[in-house]
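What follows is one structure encoded as C-alpha cells, with my remarks underneath.
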Amino acid sequence: MAGQGRPIFQAVLTPHRSMSRRGMFVVFGVMATGSLLVTSLMWRLGAMPVIGFNGADLILAVTLYGMNMRGAKASEVIVLTDEALTITRTTPGGRRSEVRLEAGWLRVDVEEQAGTNPIVSVANREARHIVGMALGDAERRDFADALKAAIHRMRSPRFDNPQTRG
C-alpha cells in the first residue's frame with residue numbers, strides 16, 4: 001500500500017453521511033406510508049393522475065437516496081513515509097487507484113476562492129494531485145495543516161543523542 005519505511009502520517013478520508021442504513025430504511029418507511037395515505041385519498045377523490053406522480057416521486061427519492069448512500073463507500077487513504085506520499089483512492093464501485101509522489105520536493109497547497117470550499121493539493125516536481133474532496137471546509141483546512149506538519153517533521157527530524165543530554 002504505502003512506500004517502504006515507517007509511516008509518518010496516515011489519514012483515511014471518507015465522505016460524511018449523517019444517516020445510518022437503519023435510519024435510511026426508517027425514512028423510506030415513513031415516505032412509503034405518507035405516499036400510501038396520499039395515494040388512497042387521491043383514489044377516493046378520483047384524481048387518478050396524481051397517483052402516478054406520487055409513485056414516481058417515491059421511486060425518484062429512493063433512487064437518489066440510494067445513490068447518495070452508495071457514494072459513502074468511496075475513500076481516500078494518504079500515507080506519508082520517509083521516501084514517498086502514497087494516495088490510494090477507492091471509488092464507490094470498489095475500483096482502486098494509487099498515486100505515489102516522491103517525498104523530496106513535496107508540498108501542500110490550499111487554494112482559497114471566495115464562495116467555495118478550499119482546494120487542497122499535494123504536489124512535487126513531477127505532479128500535482130487534489131486530495132480531500134469528500135471533506136468539508138474546516139476539515140480540509142485541518143487535514144492540510146496536519147499534513148504540512150507531518151512533512152515538516154519528516155524534513156526536520158529530532159535526534160536524541162544520549163551524550164548531549166544535560
Between [X] and [Y], which heavy-atom pair has the shortest distance, and what is it?
X	Y	value
Val79	Val77	CG2-CG1, 3.9 Å
Ala74	Pro15	O-CD, 3.2 Å
Pro92	Gly71	CG-CA, 4.0 Å
Val110	Pro118	CG1-CB, 3.8 Å
Ile8	Ala150	CG2-O, 4.0 Å
Asp82	Met154	O-SD, 4.0 Å

_Under a 4.0 Å threshold between the charged nitrogen and the carboxylate oxygen, would Asp145 count as salt-bridged to Arg141?_
no

- Item | Salt bridge flag under 4.0 Å for residues Arg128 and Glu126 |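 Glu126 and Arg128: not salt-bridged.
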
Can you tell me how far [atom2] of [Y] sits from [atom1] of [X], rounded to the nearest 0.5 angstrom?
X	Y	atom1	atom2	result
Asn68	Met24	CG	CE	9.5 Å
Asp142	Asp137	CG	CG	10.0 Å
Thr88	Glu98	OG1	CD	4.0 Å
Thr91	Arg70	OG1	CZ	7.5 Å

Are the side chain of [X] and the backbone N or O of [Y] linked by a donor-acceptor pair below 3.5 Å?
X	Y	value
Ser156	Arg153	no
Arg140	Ile119	no
Asn124	Ala127	yes
Ser35	Met31	no
Glu76	Ile87	no
Asp109	Ser121	no

Counting C-beta onward and ignoring hydrogens, is there a side-chain heavy-atom pair between [X] and [Y] closer than 4.5 Å?
X	Y	value
Val131	Arg89	yes
Leu85	Leu147	yes
Glu139	Leu13	no
Val120	Leu135	no
Arg21	Met19	no

Please answer: with hydrophobic residues joined when any side-chain heavy atoms are less than 4.5 Å apart, are [X] and [Y] in the same cluster?
X	Y	value
Val30	Phe28	no
Ile59	Val62	no
Leu41	Ile51	yes
Tyr65	Val26	no
Val99	Ile78	yes

>> Tell me whether Met67 at atom CE has more than 12 heavy atoms from other residues, nucleotides or ligands lying less than 6.0 Å away.
In response: no

Q) CZ of Arg155: more than 12 outside heavy atoms within 6.0 angstrom? A) yes

Check: Under 30°, 30 to 60°, or over 60°: which ring-plane class applies to Phe143 and Phe9, parallel, tilted or perpendicular?
Finding: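 Aromatic pair Phe143/Phe9 classed tilted.
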
Point to revise | Asn54 and Met42: CA distance, side-chain angles, deciding distance, side-chain contact (heavy atoms from CB on, under 4.5 Å) verdict | key: CA-CA 10 Å; Asn54 199 13; Met42 292 301 127; over 6 Å; no

| message | Side chains of Arg96 and Thr90 only: does a donor on one sit below 3.5 Å from an acceptor on the other? | response |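 Yes, because at least one side-chain N or O of Arg96 sits under 3.5 Å from a partner of the opposite role on Thr90.
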
